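Take a look at the structure below.
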Amino acid sequence: MKKMWLSVFVAMLLVTSARVAEARGGGTSSGVLFDVNLYYGSSATNLKTTGSETKSENKTVLYDIKLGSLSGSGFYWGGLYSSRTTSVLNANGENGSAMGASIGYFGAAGFFIMGHYLVSATYGEYKEGSGIQADLGYKFDIGSGWLLGGELSYRNITYKKNDTVANLESYNVADVLPMLSVGYVF
């Protein structure tokens, strides 16, 4: 099933490449870009030994909301809000969020790169986090200002405070996440 969706996605990218280049001409459309990026991941383990069995299930849902100015030359600047929810064995796990400033470049053919400086990050009991995020991806124009695509996000955040861990120096979380992206330029 995964191969079928990947094939459909690649076919859509190839079919719309020419349309993107035509719609964007020599540069990117200018305006305000509102963008939502989604990630969902799950994993399950089942360890059986003689006389015992241990099961584990983890789910992670993450979304980024980006809002910024997009110039005709492809330069982007704006902001990012990110939210993350992790559950273990269908129980409430750790939730987190981060905000930050963004810059980037959107090419005429639909490829883009963005960098974000994240501040005010929290994750469960961890607070006072800051770090970076880098996005590399492709968006194609599906008409009337709507964009659809995918991106690979690298995120690295270090947290400095946890009220329940007195001797905490730092707690670092680094992720590489494939994300679905839906945007609108107005």
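The model shown is predicted, which means the values in this text are computed figures rather than measured ones.
Side-chain contact between D175 and R84: present, with at least one pair of heavy atoms (C-beta onward) separated by less than 4.5 Å. No side-chain heavy atom of L177 sits under 4.5 Å from any side-chain heavy atom of T60. Between F34 and I65, the closest side-chain pair of non-hydrogen atoms falls below 4.5 Å. Looking at heavy atoms from C-beta onward, D135 lies in side-chain contact with K66 at the 4.5 angstrom threshold.
Looking at Y138, F140, Y105 one by one, the single match for ring pair (Phe, Tyr, Trp, His ring centres under 6.0 Å) with F111 turns out to be Y138.
I157 contributes atom CD1, which lies 13.5 Å from atom OG of S170 (distance to the nearest 0.5 angstrom). One distance of note links CZ of F75 with OG of S30; it measures 14.0 Å at 0.5 Å rounding. The line from CD1 of I113 to CG of L136 is 5.5 Å long, rounded to the nearest 0.5 Å. Here the straight-line distance linking atom CZ of F106 with atom CE of M114 works out to 4.0 Å at 0.5 Å rounding.
Here the closest non-hydrogen pair linking Y76 and S102 is CE2-CB, 3.9 Å. Taking every heavy atom of both residues into account, A98 and A121 meet most closely at CB-CB, 3.8 Å.
Taken together through direct or relayed side-chain contacts under 4.5 Å among Ile, Leu, Val, Met, Phe, Trp and Tyr, Y154 and Y159 form parts of separate hydrophobic clusters.
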